[in-house]
There are 2 protein chains.
Amino acid sequence: MINTRTKIIAAAVKCFRNNPSDTLEKVAEEAGVSRRTLHRYFENREDLIESCKNEMLVSCNKAMTLAYESDSDPIKKIRNMLFAAIEQGASYAFVKRIYERSNFSDLERKKEFESDDVKSNWLNLIKELQKAERINTELTIPWIFNLFGSIIETAIYAVESGDVAKNDSRNFAWTSFKGAIGLKE
Amino acid sequence: MINTRTKIIAAAVKCFRNNPSDTLEKVAEEAGVSRRTLHRYFENREDLIESCKNEMLVSCNKAMTLAYESDSDPIKKIRNMLFAAIEQGASYAFVKRIYERSNFSDLERKKEFESDDVKSNWLNLIKELQKAERINTELTIPWIFNLFGSIIETAIYAVESGDVAKNDSRNFAWTSFKGAIGLKE
DNA sequence: ATGAAATGTCACATATTTGAGACATATTTC
DNA sequence: GAAATATGTCTCAAATATGTGACATTTCAT
C-alpha cells in the first residue's frame with residue numbers, strides 16, 4: 001500500500017539524486033501529486049531532503065544487515081551485501097550521492113547513523129580477507145570501499161538505462177568486484 | 001596564463017558537476033569573479049553549460065587520443081587511456097556526469113561529437129581482447145564501458161577527497177580494472 | 001603617466017520558485 | 001449515504017535567482 005508521503009519521497013530521491021536543486025514542482029509532478037500536497041507533507045525542501053536521507057538510509061541498512069546475516073562465509077557475506085545494495089537501486093544510488101563528497105576517514109569518524117554497523121561489519125570482512133591474503137593486499141581499504149560503491153552504482157545505472165538485464169548486472173558486478181580486489185574463490 | 005573565461009568555466013564545471021542547478025552567484029564566487037563579470041562572458045546559464053561541455057570534451061578527447069596513440073600494444077593503449085582520463089580529473093568527471101543518463105546504444109548512435117573516435121578506438125581494443133580471449137568474454141561491452149568510467153571516477157574522487165594519493169590512485173585503478181575484466185597480462 | 005580595457009559595485013526590473021490560505025473536489029471511512 | 005479526510009486548483013505575497021545598465025575602480029599596455 002503505497003501512500004502519498006512514500007510516493008513523494010521516492011520521487012524526490014529520483015529527482016534529487018541527479019540535481020539537488022531540482023524544483024519542488026518537478027518533484028511533485030514526478031510523484032503524481034500537486035505541489036500544494038507536497039507542501040502539506042514536507043515543511044520545506046530541507047525537510048524533504050532530510051526525510052529522503054533518513055528513509056533511504058534505513059532501507060539500505062536493513063537490507064545490508066539482512067544480507068550480512070544471511071551466511072557465515074565471509075565471501076558470501078560480501079557477495080550478498082553487494083547484491084542487496086544493487087537490489088536497493090535508487091535508494092542506494094541516492095545515499096551514495098549524498099556521501100560522495102566525504103572522504104573515508106570522515107565517514108569512519110562520524111558515528112551519526114546506523115550504517116556504521118553495516119560499514120564496520122563490511123570493513124572487518126575485507127580486513128579479514130586481506131589478513132588471510134585472500135585478496136590483493138596492495139589496495140587500501142578506502143580504495144576498496146569506494147570501488148565497492150562504484151560497482152554497485154554502475155550496476156544500478158546499467159539496469160536503469162537498459163544496457164544490462166537485472167540478473168546480468170548482479171553477476172557482472174560480482175565478477176568485476178571479485179576480480180578487481182583479486183579475490184580467489 | 002589563466003584568464004577569466006577559463007576560470008569561470010573551471011568553477012562552473014566544479015559546481016555543476018554535483019548540482020546542475022547551482023546558482024550563478026555560486027559559480028562566480030567559486031571563480032573568484034563577480035556575477036556581473038560572469039554575465040559579460042556568458043550570455044546565460046545555458047551558454048555557460050554548453051561552453052563547459054564543449055571545452056571539457058575537447059580536453060578529454062585530446063588527452064585520450066594522445067594516450068591511444070602513445071603505444072602500439074592494445075593493453076598499454078587501454079592503460080594509458082585510463083591514466084589519461086584520471087589525469088583529466090574534474091573534466092572527465094564532469095563529462096561522465098553529463099552522459100550518465102544515456103545508455104550505451106544511445107551513445108553509440110549519436111555521432112554528435114569527436115569523442116566517437118576515442119570511443120570507437122577504445123571499443124575496438126576491448127573487442128579485440130575479448131576475441132583473443134585475453135579478457136572475460138562473459139562481460140558485455142556496455143558493462144565494461146561503464147565500469148571503465150566508474151573506476152576512473154572512483155580514482156578521481158579518491159584523490160580529491162584525500163583518501164588516496166595521486167600515484168596510488170592510478171595504480172589502484174589499473175589493478176582493479178584489469179582484475180575486473182579478467183585481463184591476463 | 002596616460003589611456004584603454006577589464007572588472008567590481010550597485011541598483012533595479014523581470015523571472016522563477018517557494019510557502020500557504022481559501023475553497024472546491026475527490027476519496028475514504030463508517 | 002453522510003461525514004471526515006485527503007487532495008487539487010487558484011491565488012498571492014515573499015523569497016530567490018537572473019540579466020543588465022550605469023558608473024567607479026582596478027589592471028594592463030604603451
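Looking at residues two or more places apart in sequence or on another chain, you find a ring-ring contact (aromatic ring centres under 6.0 Å, His included) between B:Phe148 and B:Trp122, B:Phe177. Remark: B:Ser21 engages A:Asn19 in a side-chain hydrogen bond (donor to acceptor under 3.5 Å, both in side chains) (not counting sequence neighbours). A search for side-chain hydrogen bond (donor to acceptor under 3.5 Å, both in side chains) contacts involving B:Lys14 returns B:Glu30, not counting sequence neighbours. With sequence neighbours excluded, the residues satisfying ring-ring contact (aromatic ring centres under 6.0 Å, His included) with B:Phe172 are A:Trp143. Residues passing the side chain to side chain contact (heavy atoms under 4.5 Å, CB included) test with B:Glu50 are B:Lys53, B:Asn54, sequence neighbours excluded. For A:Thr37, the side-chain hydrogen bond (donor to acceptor under 3.5 Å, both in side chains) criterion is met by A:Ser34, not counting sequence neighbours.
For the pair B:Arg45 CZ and C:dT17 P, the computed distance is 10 Å after rounding to whole Å. Taking atom CD1 of residue A:Ile49 and atom C1' of nucleotide C:dT18, one finds them 14 Å apart after rounding to whole Å.
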Donor-acceptor contacts under 3.5 Å from residues 38-48 of chain B side chains, at least two apart:
| unit_1 | atom_1 | unit_2 | atom_2 | d |
| --- | --- | --- | --- | --- |
| B:His39 | NE2 | B:Arg35 | NH1 | 3.1 |
| B:Asn44 | OD1 | B:Glu46 | N | 3.2 |
| B:Asn44 | OD1 | B:Asp47 | N | 2.9 |
| B:Arg45 | NH1 | B:Pro20 | O | 3.4 |
| B:Arg45 | NH1 | B:Asp22 | O | 3.0 |
| B:Arg45 | NH2 | B:Asp22 | O | 3.0 |
| B:Asp47 | OD2 | B:Glu43 | N | 2.9 |

Would you be so kind as to tabulate the donor-acceptor pairs closer than 3.5 Å made by side chains of residues 85-93 of chain B, with sequence neighbours excluded?
| unit_1 | atom_1 | unit_2 | atom_2 | d |
| --- | --- | --- | --- | --- |
| B:Glu87 | OE2 | B:Lys166 | NZ | 3.3 |
| B:Gln88 | OE1 | B:Ser59 | OG | 2.6 |

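Other residues, nucleotides and ligands contribute at most 12 non-hydrogen atoms within 6.0 Å of the NZ atom of B:Lys131.
In summary, B:Glu153 and A:Lys96 do not engage in a salt bridge, as defined by a charged side-chain N under 4.0 Å from a carboxylate O.
An angle of 50°, rounded to 10°, separates the two end axes of the helix from C:dA1-D:dT30 to C:dC30-D:dG1, each defined over five pairs.
On the nucleic acid side, DNA chain D contacts chain B at distances under 4.0 Å to non-hydrogen atoms, with the end points of that region at D:dA17 to D:dA22.
Of all heavy-atom pairs between B:Lys77 and B:Tyr68, the closest is NZ-O, 2.8 Å.
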So which protein nitrogen or oxygen atoms get under 3.5 Å of nucleotides 5-9 of chain C's nitrogens or oxygens?
| unit_1 | atom_1 | unit_2 | atom_2 | d |
| --- | --- | --- | --- | --- |
| C:dT7 | OP1 | B:Thr4 | OG1 | 2.1 |
| C:dT7 | OP1 | B:Tyr41 | OH | 3.4 |
| C:dT7 | OP2 | B:Tyr41 | OH | 2.4 |
| C:dG8 | OP2 | B:Ser34 | N | 2.9 |
| C:dG8 | OP2 | B:Ser34 | OG | 3.0 |
| C:dG8 | OP2 | B:Thr37 | OG1 | 2.6 |
| C:dG8 | N7 | B:Arg40 | NH1 | 3.2 |
| C:dG8 | O6 | B:Arg40 | NH2 | 2.6 |

Give me the distances for all protein-to-nucleotides 26-30 of chain C N/O pairs that come in under 3.5 Å?
none

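Put simply, A:His39 has no side-chain N or O that comes within less than 4.0 Å of OP1 or OP2 on C:dA20.
In this model, a donor atom of one side chain and an acceptor atom of the other lie less than 3.5 Å apart for A:Asp163 and B:Asn146.
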Run the side-chain contact (heavy atoms from CB on, under 4.5 Å) test on B:Ile181 and B:Gln130 for me, step by step, so that the C-alpha distance in whole Å, both residues' side-chain angles and the decisive distance to 0.1 Å come before the verdict. CA-CA 10 Å; B:Ile181 62 172; B:Gln130 276 202 332; over 6 Å; no
